[in-house]
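Chain letters run A, B, ... following the sequence lines, proteins first and then strands; every chain starts at 1. All heavy atoms count here, side chains included; hydrogens, waters and symmetry mates do not.
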There are 2 protein chains.
Amino acid sequence: MKRLLCILSAACLMTQAPAWAQQNINQEKQVITSPVVKNDRTVTFTLRAPNAQEVLISGDWMKGQRFAPMVKGENGLWTYTTEALPSDVYIYSYTVDGTRIIDPNTVFQCRDVNSLFSLFYIDGEYGDYYQVQDVPHGSVNRVWYHSDRLKSDRRMTIYTPAGYEDSKDSYPVLYLLHGSGGDEEAWITLGSVARIMDNLIAEGKAKPMIVVMPNGNPSKQAAPGETRDNLAYTPAMSNTFVGYKDGSYEESFHEIIDYVEGHYRVKADKAHRAIAGLSMGGFHSLQISANYPIFDYVGLFSPGISGLADYKVDLYENLDEKLTKLKNDGIKLYWIGIGTDDFLYKDVADYRKKLDALDFPYTYKESDKGHVWTNWRKYLLEFVQLMNKE
Amino acid sequence: MKRLLCILSAACLMTQAPAWAQQNINQEKQVITSPVVKNDRTVTFTLRAPNAQEVLISGDWMKGQRFAPMVKGENGLWTYTTEALPSDVYIYSYTVDGTRIIDPNTVFQCRDVNSLFSLFYIDGEYGDYYQVQDVPHGSVNRVWYHSDRLKSDRRMTIYTPAGYEDSKDSYPVLYLLHGSGGDEEAWITLGSVARIMDNLIAEGKAKPMIVVMPNGNPSKQAAPGETRDNLAYTPAMSNTFVGYKDGSYEESFHEIIDYVEGHYRVKADKAHRAIAGLSMGGFHSLQISANYPIFDYVGLFSPGISGLADYKVDLYENLDEKLTKLKNDGIKLYWIGIGTDDFLYKDVADYRKKLDALDFPYTYKESDKGHVWTNWRKYLLEFVQLMNKE
């Protein structure tokens, strides 16, 4: 019987190789544990790089330049330990002599825009919501719908809450839109949506609801790797794509709603329909809710509204009139969240002045930090608890 | 307006940074394109590692030791070029001075057992089936079912073909089982199941069918990261897990079928029910089909049957009698595939002798190579085309 060849003796996991260990490829693994999260909420990272001259770590808990040098110790091991970190999920990478890599000692990773990151959790107030708990779990489906407006089949991610399949009930729906670095995978991975919803629903803090996460890039059918461009689709920011802020996505949005309301047991009325989004998705949510006033709950998370005046698109015109109609028709929640360090802070302040001038009621949440996922997850946590309180 | 700080000037993607580029973390990126697949089907890999003493590449197209040295050129760039490769999807990694990393210059990766790999496609006979084509796409759902037998909620992946949601038809079902390095994510990622099914169905070469990919590890609820153990669940081979080959999974299998037949529009009869699996999943398929003769199509892909005599489990006893009953009741397809280099080759030859002695009809496919995904994808391609030909 052949077994996998162990090249690095001390580093070979395959001493435990079973009778039919896959011969596919050698799966040698360093016996390094990294990251290590300690009870005091500090985290230690270890990387083996015996000949490297400089190893940096970059993590989203860092302030300022967001790079810190790792320290070389014995056996070619470089280490770094954080201060105690607030409860959250964090992402990081290393830069070894100028080459950026993820942590070779963990398989847990995620993609943000065009880069992979390793990740870890700090348990507690927030991190517990972002992790799988011993609660009933909802389903996560990737479906394709057709858009006549965008002339394409398009992929979206749909969360249905635990019990949906065995129920005859109809459910509220939250349409949850990504930013200009995202796609239909962004909220479900970086946003921890399934875990947040599972955990809030299990605690009775959010109503069971369906969460729809479409792809907001009009000229892209799906996330990188999921289109016919396959690996030739290099991830990039949405403003490099055809159709960015030309109004076509907003005009096509009813096709998403039609698909969802035609294929899922949905409370298909304004009182049970919500739309929220981060950054570009906040802009989309603002425009869609203003032009199609069929949502009783609107969430603008760090909304990318700096372009409001820049894009000469009919759909974006006459916003004051549309907001006035929205106010007069009545809306249950118009929720805005922004970080004090967000580069969009002033734009949001200006937008709030507009709303104030129109006597438009809204709920405003100001957090610390900037234009970052740690805020968007927290905004989602807060927003969905305010939905469908009746 | 704050923008992302560019540390590596020439290497910074953020020269195209949009107004609301995420501040989350610096996303500097080397301007290296790797891998590069050329028209002659050779592939060139480039890695920047200026201070490394030794850089190896390991890929699943290699024979023997499966490591090859990369060559250091100018600017700290190490390169390696393959010979012309047969059409397929391939995975690879680098080892830099003993530390194993994936390619920093692509975000496309997958996990096999306990290791990440970068990947690329070679177009053509097989690779075209494994990539997204301009055809209608099925949905891929991750659902949770409850197993009384295994005393747990458990996750599985379910593919439904394009048109399922808008049809009133009922569909055949293939239960497709992973090996001892896998879980409910293995077939959908490494096995390219959704693409294979989309493409075969679009060509009329396979009937539209539902493909159910459960988790075959009795003591694990789901894939690494998807259970309440979260990141503390270090991926490992199934024989290190409680419940390995104790018969409990086979005994619980009806709970998977009950869930699928209770929640999907399924042709719930023997004539439209198939079960197939690779390695440990081939063992599972053998045992489940022998003990519960409700499948007209059975596929054993490099089946892990070396343990047939080793495990003292009631469910695994009296196999000859069960196979004789299976033969007498009639079965449309009993399909066995094995590679000539597979370490299970002799076990499969012995099993064929048993079948021959019982005059049990089966279809046998002998391929080259060993216990590897390139074979299992090809076996799936062939097997599903033989299903439901009527």
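Annotation: maximal heavy-atom pairing with chain A below 4.5 Å, among B:Arg155, B:Gln221, B:Gln109, B:Lys346, occurs at B:Gln109. When each of B:Thr157, B:Asp153, B:Asp134, B:Asp103 is scored by its heavy-atom pairs under 4.5 Å with chain A, the top score falls to B:Asp134. Contact count against chain B (heavy-atom pairs under 4.5 Å) is highest for A:Thr227 among A:Val143, A:Thr227, A:Ile101.
For the pair A:Tyr233 and B:Phe108, the tightest heavy-atom approach, listed with the atom from each and the gap, is O-CZ, 3.5 Å. Nearest heavy atom pair, residue B:Thr99 against residue A:Ala49, reads OG1-N, 4.5 Å. Pairing each heavy atom of A:Val132 with each of B:Gly225, the nearest pair is CG2-O, 3.9 Å.
Looking only at atom types and distance, the side chain of B:Asn51 has no donor-acceptor partner in the side chain of A:Asn51 under 3.5 Å away.
Judged by distance alone, with hydrogens and angles left aside, the side-chain atoms of B:Arg48 form a donor-acceptor pair with the main-chain N or O of A:Asp97 at under 3.5 Å.
In this structure, CG in A:Asn105 is found 11.0 Å from OG1 in B:Thr234, a value given to the nearest 0.5 Å. Atoms CD and CH2, on A:Glu165 and B:Trp144 in that order, are 12.5 Å from each other to the nearest 0.5 Å.
Contact annotation: the side chain of B:Leu116 approaches that of A:Ile102 to within less than 4.5 Å [non-hydrogen atoms, C-beta and beyond]. The shortest distance between side-chain heavy atoms of A:Arg142 and B:His137 does not fall below 4.5 Å. Under the 4.5 Å side-chain criterion, counting only non-hydrogen atoms from C-beta, B:Gln131 is not in contact with A:Leu231.
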Inset, instruction - Would you please test B:Asp166 and A:His263 for side chain to side chain contact (heavy atoms under 4.5 Å, CB included) and show each step? - result: CA-CA 8 Å; B:Asp166 292 311; A:His263 293 87; 2.5 Å; yes

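For B:Tyr164, no part sits under 4.5 Å from any heavy atom of chain A, backbone or side chain. Within the 4.5 angstrom heavy-atom criterion, only backbone atoms of B:Gln133 (N, CA, C, O) approach chain A. Heavy-atom distances place no part of B:Val96 under 4.5 Å from chain A, backbone and side chain included. Neither the backbone nor the side chain of B:Tyr345 comes within contact range of chain A, judged by heavy atoms closer than 4.5 Å.
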